[in-house]
Amino acid sequence: MMLLVVGAGGYLGGEVCRQAVAAGEQVAGTVHRTPVRLPGVPSYPLDLRDRVAVRDLITRLRPDVVVNTAYRIDDWAVTADGAAHVALAAAEAGARLVHLSSDALHAGRPAPYGDDVAPTPVYPYGAAKAAAETAVRAIDPRAVLVRTSLIVGDERSKQVQLCLDALDGRARLFTDEFRCPIAVQDLAGAVLELAAADHAGVLNVAGPEAVSRAELGVLVARWRGIDPARLATSRAADQPQARPADVRLDSRRAVGLLTTRLRAVSEIFAA
């Protein structure tokens, strides 16, 4: 299987590449500017806003599977339009598409979200991810869209780094914003399973344990041997811009489909 990872320079994209190479797959990756240095993974600079460039690269490489992990929180053209460009090119090349989506497209509610719940975004990034899903589903009904949550692991994780910043007073973690964090290794393993399967449509792939961002910070503090009392916190409800509050993804369907175990966040950061 020839695999093209769009966004190979990112935390998840790099782990997908690493696991795929270890499994003996042929892998290539795209980056926005700086080439990634992953053994066995040639990388290609690619601006996802350029539809022609995206089509030309995928047409030239002819991958069997395209995994799109790329996004920019503050750039609609990359997150939404770029997803459409990748989907169009992958469909033209006859490649299977695994598109990474996000729990950020939900508004938040007390009840968990199933796989097929329609997006209800309340802020621009969530709206961009919702638009990306709409485009991908319209272009390629065979694609699988993986809705995931906070991706954690080591210090390369943006979520872990945010926790460390909050422990040093450089950021604050919300006590009233809940997510289902997932280990980068688990998510990458799930993505590669889905790349080789025929499941289509939206699939929640997140951890089984919901925690607030502040609770995640406590877990990271204990993992690093830092006093959790140093954690700086605040409330999302007090922020000027609306944010999704309680977003718990129900991943039971994924658990039934996959052999990759989706670990609870408390297990991931167990001392």
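Remember, it's a predicted structure, so these values are computed and weren't measured experimentally.
The backbone N or O of G7 lies less than 3.5 Å from a partner atom in the side chain of T30, making a donor-acceptor pair. Looking only at distances, a side-chain donor or acceptor of T69 sits under 3.5 Å from a matching main-chain atom of V6.
Within the 4.5 Å cutoff, the side chain of V65 has heavy atoms near those of the M1 side chain. Residues N68 and V98 fail the side-chain proximity criterion, which asks for heavy atoms closer than 4.5 Å. D47 is listed as a side-chain neighbour of H32, based on a closest heavy-atom distance under 4.5 Å. At least one side-chain heavy atom of V86 sits under 4.5 Å from a side-chain heavy atom of L97. You'll find the side chain of L100 reaches within 4.5 Å of the side chain of L12, heavy atoms only. Between L46 and Y44, the closest side-chain pair of non-hydrogen atoms is not below 4.5 Å. Residues V5 and V41 have side chains not in contact (no heavy-atom distance under 4.5 Å, counting atoms from C-beta outward). Within the 4.5 Å cutoff, the side chain of E15 has heavy atoms near those of the Q185 side chain.
Of all heavy-atom pairs between A206 and L262, the closest is O-CD1, 3.6 Å. Residues G217 and L167 share a closest heavy-atom pair of O-CD1, 4.4 Å. Pairing each heavy atom of Y113 with each of T120, the nearest pair is OH-OG1, 4.4 Å. The nearest pair of heavy atoms linking Y11 to V184 is OH-CG1, 3.5 Å. Nearest heavy atoms, P244 versus Y123: CD-CE2, 3.7 Å. Counting all heavy atoms, side chain and backbone alike, L105 lies closest to E133 at CD2-OE2, 3.3 Å.
Each of V67, V21, D64 was scored for a side chain to side chain contact (heavy atoms under 4.5 Å, CB included) with L3, with one residue passing: V67.
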Side chain to side chain contact (heavy atoms under 4.5 Å, CB included) assessment of V265 paired with E215
CA-CA 10 Å; V265 66; E215 289 169 335; over 6 Å; no

Applying side chain to side chain contact (heavy atoms under 4.5 Å, CB included) to L216 and L150, what does each step give before you reach the verdict?
CA-CA 10 Å; L216 176 60; L150 307 182; 4.1 Å; yes

Would V160 and F269 count as a side chain to side chain contact (heavy atoms under 4.5 Å, CB included) if you check the C-alpha gap in whole Å, the side-chain angles of each, and the deciding distance to 0.1 Å?
CA-CA 11 Å; V160 171; F269 291 110; 3.8 Å; yes

From CA spacing to verdict: side chain to side chain contact (heavy atoms under 4.5 Å, CB included), E267, R261:
CA-CA 12 Å; E267 179 182 352; R261 190 165 72 89; 2.6 Å; yes

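To the nearest 0.5 Å, the span separating CD1 on I182 from OG on S149 amounts to 8.5 Å. In this structure, CG on N204 lies 9.0 Å from OG1 on T148, to the nearest 0.5 angstrom. The structure places OH of Y71 at 13.5 Å from CG of L48, a figure rounded to the nearest 0.5 Å.
Ion pairing between D103 and R179 holds under the 4.0 Å rule for side-chain N and carboxylate O. Here D74 does not pair with R72 in a salt bridge; the nearest charged N to carboxylate O distance is not below 4.0 Å. Taking the charged nitrogens against the carboxylate oxygens, R263 and E209 have no contact shorter than 4.0 Å, which rules out a salt bridge. With respect to the salt-bridge test (charged N to carboxylate O, under 4.0 angstrom), the residues D168 and R230 qualify. Here E155 pairs with R224 in a salt bridge; the nearest charged N to carboxylate O distance falls below 4.0 Å. Ion pairing between R252 and D115 fails under the 4.0 Å rule for side-chain N and carboxylate O.
At a cut-off of 3.5 Å, with distance as the only test, a side-chain donor of E193 or T259 sits close to an acceptor on the other residue. In this structure, a donor-acceptor pair under 3.5 Å is absent between the side chains of Q161 and R156.
In the hydrophobic clustering of this structure, I151 groups with V146; members are Ile, Leu, Val, Met, Phe, Trp, Tyr whose side-chain heavy atoms approach within less than 4.5 Å, directly or through other members. Under a hydrophobic-cluster definition in which Ile, Leu, Val, Met, Phe, Trp and Tyr are linked whenever side-chain heavy atoms come within less than 4.5 Å, directly or via other members, L257 and V16 are assigned to the same cluster.
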